[in-house]
Amino acid sequence: MRIMSITGNVGKDPQARQVGNNQVADFTVAVRQKRPDRNGNYGVDWVRCSVFGKRSDTIMKYFHKGDNVALSGQWSINQWTNQQGEPQFSLELSVNDFDLPHRSKPERSNNQQSNDPFTSSNDSIEITDEDMPF
């Protein structure tokens, strides 16, 4: 069994399709290459991803274009020849496990107060030994 874990950004919103009685969510993920080229630019590898069954509902609900995601599953290489006779390859991942994208916290409106002493304050905070719980 060939297992692969990737992190990257969703290329476009997932698309749903039916395979027999199962729903499948298909999407692509752009994975940044680890090393830059001679010009210092990092390339991107595109991975086609599919999620089957009930988990596809979660993908359809929470994954969107641009989201940073972490996925793992069984990988395969799909090979074909295009109309010009050139060989083509794609890396495909049948996703078994995934983390939901991180959502940024909504910004507070100006009239909301925060009880966090470390937010938006340039004032120093004095802490004494009596303030320490140990």
Side-chain angles (χ1 to χ4, degrees):
M1 188 179 302
R2 299 179 288 194
I3 301 295
M4 176 172 71
S5 296
I6 63 171
T7 55
N9 290 24
V10 177
K12 63 180 181 176
D13 288 346
Q15 302 293 313
R17 63 184 167 98
Q18 283 295 126
V19 176
N21 293 332
N22 290 317
Q23 178 176 302
V24 180
D26 294 315
F27 57 100
T28 56
V29 174
V31 179
R32 183 180 136 178
Q33 295 174 350
K34 296 242 181 237
R35 296 190 177 153
D37 62 16
R38 291 181 183 173
N39 299 322
N41 298 318
Y42 289 87
V44 173
D45 292 317
W46 287 95
V47 180
R48 292 181 178 194
C49 300
S50 299
V51 179
F52 294 82
K54 290 183 178 184
R55 291 179 294 165
S56 67
D57 291 333
T58 304
I59 295 293
M60 295 301 297
K61 185 175 180 180
Y62 293 106
F63 279 33
H64 302 287
K65 179 180 180 177
D67 286 343
N68 187 268
V69 295
L71 312 161
S72 65
Q74 295 177 332
W75 65 272
S76 62
I77 295 176
N78 190 9
Q79 180 179 350
W80 70 97
T81 303
N82 66 15
Q83 292 178 349
Q84 292 76 27
E86 300 165 334
Q88 302 290 304
F89 301 91
S90 68
L91 182 58
E92 300 189 12
L93 184 66
S94 178
V95 176
N96 295 329
D97 193 21
F98 56 87
D99 287 335
L100 293 176
H102 295 290
R103 299 284 179 224
S104 60
K105 294 180 182 177
E107 292 186 26
R108 297 179 185 271
S109 63
N110 290 339
N111 60 356
Q112 283 184 311
Q113 297 275 332
S114 172
N115 291 332
D116 185 350
F118 299 103
T119 59
S120 303
S121 175
N122 293 329
D123 298 335
S124 62
I125 299 173
E126 191 171 317
I127 299 175
T128 64
D129 287 339
E130 289 81 36
D131 295 325
M132 301 305 260
F134 47 88

With hydrophobic residues grouped by side-chain heavy-atom distances under 4.5 Å, do Val44 and Val31 end up in a single group? no
Taking only residues two or more places apart in sequence or in another chain, which ones pass side-chain contact (heavy atoms from CB on, under 4.5 Å) with Gln84? Asn82, Glu86
Within residues 3-27 or reaching into it, pairs that qualify as ring-ring contact (aromatic ring centres under 6.0 Å, His included) - sequence neighbours excluded: Phe27-Phe63
Rounded to the nearest 0.5 Å, what separates atom CZ in Arg2 from atom CG in Leu93? 11.5 Å
Residues at least two apart in sequence or cross-chain that pass side-chain hydrogen bond (donor to acceptor under 3.5 Å, both in side chains) with Thr58, listed by chain then number, are none
What residues form a side-chain hydrogen bond (donor to acceptor under 3.5 Å, both in side chains) with Ser56, not counting sequence neighbours? Gln23
With a 3.5 Å cut-off and sequence neighbours excluded, list the donor-acceptor pairs that the side chains of residues 70-77 form with protein atoms.
none

Sequence neighbours excluded, every pair satisfying side-chain hydrogen bond (donor to acceptor under 3.5 Å, both in side chains) that has a member inside residues 45-54: Asp26-Ser50, Gln33-Asp45
Hey, can you pull the donor-acceptor pairs under 3.5 Å for the side chains in residues 4-11, sequence neighbours left out?
{"unit_1": "Asn9", "atom_1": "OD1", "unit_2": "Asn68", "atom_2": "ND2", "d": "3.0"}

Linking Ile, Leu, Val, Met, Phe, Trp and Tyr through side-chain heavy atoms less than 4.5 Å apart, which residues share a cluster with Val24? Val19, Phe52
Smallest heavy-atom separation, Met60 atom then Ala25 atom, equals SD-CB, 3.9 Å
Looking only at heavy atoms, the pair that brings His64 and Asp13 closest together is CA-OD1, 3.3 Å
Please lay out, stage by stage, how Glu92 and Ser90 fare under the test side chain to side chain donor-acceptor pair (under 3.5 Å). CA-CA 6 Å; Glu92 300 189 12; Ser90 68; 3.3 Å; yes
Inter- and intrachain pairs under salt bridge (charged side-chain N to carboxylate O under 4.0 Å, His left out), touching residues 29-42, at least two apart: none
Flag side-chain contact, heavy atom, 4.5 Å: Ile59 against Phe98: yes
